[in-house]
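No experiment lies behind these values; they were computed from the predicted model shown.
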Amino acid sequence: MTQLDHWQRYQKYLSGVPAVDLKLDISRIRFDDAWLAQMEPAIQKAYSAMSALEAGAIANPDEQRMVGHYWLRTPSLAPQPELRAEIESTLSAIREFAARVHQLGAHTDVLSIGIGGSALGPMFVADALGHPATDKMRVHFFDNTDPEGIERVLSGLAGRLDKTLVLVISKSGGTPETYNGMVLAESAFRRAGLNFADHAVAITMPGSKLDRHALDHKWLQRFAMFDWVGGRTSELSAVGLLAAALQGLDIDAILAGASAVDAQTRSTVTAQNPAALLALMWHSATGGKGLKDMVVLPYKDRLLLFSRYLQQLVMESLGKRLDLDGNRVDQGISVYGNKGSTDQHAYVQQLRDGVNNFFMTFLRVLEDGGDPHEFEAGVRAGDYLDGFLLGTREALDGNDRQSITITIPRVDATRVGALIALFERAVGFYASLVNINAYHQPGVEAGKKAAATVLDLQKRILLALAPSVKSVETIAAEAGTESIETVFLILEHLAANRRAKQTPEGFAKI
Ligand SMILES: O=P(O)(O)OC[C@H]1O[C@](O)(CO)[C@@H](O)[C@@H]1O
């Protein structure tokens with residue numbers, strides 16, 4: 001393809017959301033008009049499915065749930081007046097609560113405890129939009145059950161726990177990692193002579209285990225999560241908005257950015273629908289079978305966590321064994337990436353020259369910000385950054401590596417909302433194209449059950465341990481299992497934590 005061909009193709013397929021100055025360039029994916037025409041009936045079907053979903057259909061058939069994250073930013077679209085009222089009253093409660101906290105000035109820090117969709121969105125938004133000089137409160141996260149990780153965050157809050165507000169976020173209200181984080185936070189407050197309830201806020205479904213705990217212990221406040229919002233699409237519910245409002249971020253602009261993208265991506269004219277084009281490009285690049293990975297490379301430090309956020313949104317939504325008709329399909333698209341140009345000094349070598357098993361999604365931010373220092377005549381740090389992006393895009397293309405480029409003017413609240421909405425809808429469209437349910441996660445449930453089985457086995461192993469050394473095989477038999485390997489691995493962990501004694505012959509009680 002000549003340089004003139006590139007220019008013409010770029011102009012021909014450029015789309016975007018003018019209301020938020022977002023552009024989508026798909027010209028470096030190798031598709032043609034004939035392929036687009038062939039996909040048109042499938043994408044029209046996806047539009048119909050999406051419109052039914054937005055009208056309140058049971059779009060998650062396995063769990064018999066509506067899927068309503070689009071209503072969060074346009075409550076007037078909610079299919080029932082009670083739902084609209086719930087969204088609006090929760091939003092008002094968030095605004096009022098944050099304003100009150102800021103006004104009282106008693107809290108300087110926020111500790112957000114959650115995992116998966118109850119952490120990745122809040123972490124991404126806090127990092128993308130926060131600034132130490134302007135944030136009204138500092139935000140910290142527990143997003144795991146790693147005791148050392150938790151201790152590290154707590155030590156960063158030492159001396160300020162009395163000024164720390166704790167948000168415990170769990171849609172289900174029963175996620176073990178979040179529960180453990182909550183218990184460890186409670187005990188840190190207790191050790192500091194503080195009443196945890198005076199600092200604690202729950203964000204969960206009404207009636208959940210967490211909701212009952214918060215109610216029983218008279219926590220400061222409870223915010224509702226809705227049954228019809230999935231964890232990975234919950235950033236624009238109380239899950240993400242409360243922490244953002246406390247941090248002092250413009251949550252109305254986040255919602256407006258998302259709403260603007262929603263409005264445009266409801267178009268059934270494919271050339272004017274960037275979310276549909278994105279989904280179609282994923283299909284073209286991966287053969288509709290996940291044959292290539294999605295590498296997400298924002299050339300902007302503030303967007304570093306976007307790829308992590310997208311990892312859950314895309315992979316938990318699209319990674320499915322069965323399609324909607326029950327056929328085995330083993331679907332999904334793998335997502336990874338950090339940021340440019342940093343990653344050019346890490347794995348981009350393989351992308352350019354090695355195995356061609358990916359397509360790139362560049363995120364380009366036009367305004368540089370920061371110090372306009374010129375390193376040489378007319379050349380600033382931001383010129384290097386953009387130059388590296390453009391150069392890498394070209395170099396990859398030159399070696400038959402495909403890419404998509406999304407351009408925004410700056411990383412601000414509007415654009416962050418816009419990016420979230422763009423990818424949420426692209427995921428929904430792609431799921432329709434490959435006929436899967438994007439809104440359940442049966443595989444994760446299996447992992448949770450397996451972990452519970454391991455913990456249960458550990459209890460029996462502890463009972464089987466005695467002062468005299470027993471072989472692993474004996475302990476396994478006494479614990480009532482044939483999984484000798486798992487028994488050994490559990491004992492190895494217990495011994496490393498001085499909860500069992502390991503000898504060459506086996507294990508004993510300490
Ligand atoms: O908000 P919850 O219910 O604690 O769930 C956290 C995460 O766990 C999952 O259910 C699966 O692990 C995610 O889908 C979800 O975002």
Side-chain angles (χ1 to χ4, degrees), residues 69 110-130 139-146 149-150 152-153 167 169-171 175 177-178 181 230-237 239-241 243-244 247 249 254 258 278 282 290 292-319 332-348 351 358-365 389 404 406 408 411 413 415-424 426-427 430 438 441 443-444 447:
H69 47 277
V110 176
L111 171 60
S112 180
I113 306 178
I115 198 166
S118 293
L120 291 164
M123 289 169 111
F124 159 54
V125 170
D127 194 48
L129 298 176
V139 191
H140 315 260
F141 294 92
F142 287 180
D143 71 336
N144 200 357
T145 182
D146 174 5
I150 288 174
R152 198 163 59 154
V153 175
L167 313 184
I169 312 178
S170 174
K171 176 181 173 180
T175 301
E177 291 92 332
T178 304
R232 55 190 170 273
T233 52
S234 66
E235 173 50 28
L236 303 187
S237 72
V239 167
L241 295 182
Q247 195 179 350
L249 309 180
I254 299 177
L278 203 51
W282 296 351
K292 296 213 171 179
D293 300 345
M294 184 191 305
V295 181
V296 179
L297 216 51
Y299 277 63
K300 201 71 184 167
D301 289 359
R302 282 182 179 276
L303 295 177
L304 170 71
L305 297 183
F306 192 49
S307 46
R308 257 183 98 195
Y309 166 77
L310 286 184
Q311 226 164 29
Q312 185 198 17
L313 178 64
V314 174
M315 296 177 74
E316 204 169 67
S317 301
L318 303 181
I333 302 178
S334 302
V335 178
Y336 66 94
N338 299 293
K339 63 171 178 170
S341 65
T342 315
D343 289 4
Q344 285 181 225
H345 300 273
Y347 59 78
V348 171
L351 300 190
F358 71 97
F359 66 100
M360 190 72 111
T361 302
F362 290 108
L363 280 145
R364 185 168 178 240
V365 180
L389 185 159
I404 293 166
I406 297 168
I408 52 174
V411 180
R415 265 36 73 160
V416 161
L419 286 173
I420 289 171
L422 179 70
F423 278 87
E424 279 180 353
V427 164
Y430 186 87
Q441 51 284 328
V444 187

Item to check | Evaluation steps, side-chain contact (heavy atoms from CB on, under 4.5 Å), between Ile406 and Leu422 | outcome: CA-CA 10 Å; Ile406 297 168; Leu422 179 70; 4.1 Å; yes
Checklist entry - Would Lys339 and Leu303 count as a side-chain contact (heavy atoms from CB on, under 4.5 Å) if you check the C-alpha gap in whole Å, the side-chain angles of each, and the deciding distance to 0.1 Å? => result CA-CA 7 Å; Lys339 63 171 178 170; Leu303 295 177; over 6 Å; no
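- Rounded to the nearest 0.5 Å, atoms CG (Leu304) and CE (Met123) are 11.0 Å apart.
- Note: Phe423 and Tyr309 fail the aromatic proximity criterion, with ring centroids not under 6.0 Å apart.
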Next on the checklist: Walk me through whether Tyr336 and Ser307 qualify under side-chain contact (heavy atoms from CB on, under 4.5 Å).
Outcome noted: CA-CA 6 Å; Tyr336 66 94; Ser307 46; over 6 Å; no
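- Side-chain contact between Ile420 and Val125 is present, with at least one heavy-atom pair separated by less than 4.5 Å.
- What you find for Leu389 and Leu363 is that their closest heavy atoms are CD1-O, 3.8 Å.
- Leu419 CG to Phe306 CZ: the interatomic distance, rounded to the nearest 0.5 Å, is 4.5 Å.
- In this structure, the separation between CD1 on Ile115 and OG1 on Thr178 is 6.0 Å, given to the nearest 0.5 Å.
- Residues in residues 307-317 take part in these salt bridge (charged side-chain N to carboxylate O under 4.0 Å, His left out) pairs, two or more places apart or across chains: Asp143-Arg308, Arg232-Glu316.
- Side-chain atoms of Ser237 come within 3.5 Å of backbone N or O of Val239 as a donor-acceptor pair.
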Checklist entry - Given the rule in the side-chain contact (heavy atoms from CB on, under 4.5 Å) test, do Val110 and Gln247 qualify, once you have shown the distances and angles that lead to the verdict? => result CA-CA 8 Å; Val110 176; Gln247 195 179 350; over 6 Å; no
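- Taking all atoms of both residues into account, the shortest heavy-atom contact from Ser170 to Ser118 is CA-OG, 4.0 Å.
- Remark: Ile404 CD1 to Phe362 CZ distance equals 11.0 Å, nearest 0.5 Å.
- Taking both residues in full, the closest heavy atoms of Gly181 and Ile150 are given as CA-CD1, 4.1 Å, listed atom of the first, atom of the second, then distance.
- Contact of the Val314 side chain with the Tyr430 side chain is not registered, since no non-hydrogen atoms from C-beta on lie closer than 4.5 Å.
- Contact check for Phe141 versus Val153: no side-chain heavy atoms found under the 4.5 Å cut-off.
- In terms of heavy-atom proximity, Gly117 sits nearest to Pro122 at O-CD, 4.2 Å.
- Atom CZ in Arg364 sits 11.5 Å away from atom CD1 in Ile408 (nearest 0.5 Å).
- Of all heavy-atom pairs between Tyr347 and Asn338, the closest is OH-N, 3.8 Å.
- In this structure, the separation between CD on Glu424 and CG on Leu310 is 10.0 Å, given to the nearest 0.5 Å.
- Of all heavy-atom pairs spanning Ile169 and Ser112, the tightest one is CD1-OG, 3.4 Å.
- Put simply, the side chain of Ser334 does not reach to within 4.5 Å of the side chain of Met294, judged on heavy atoms.
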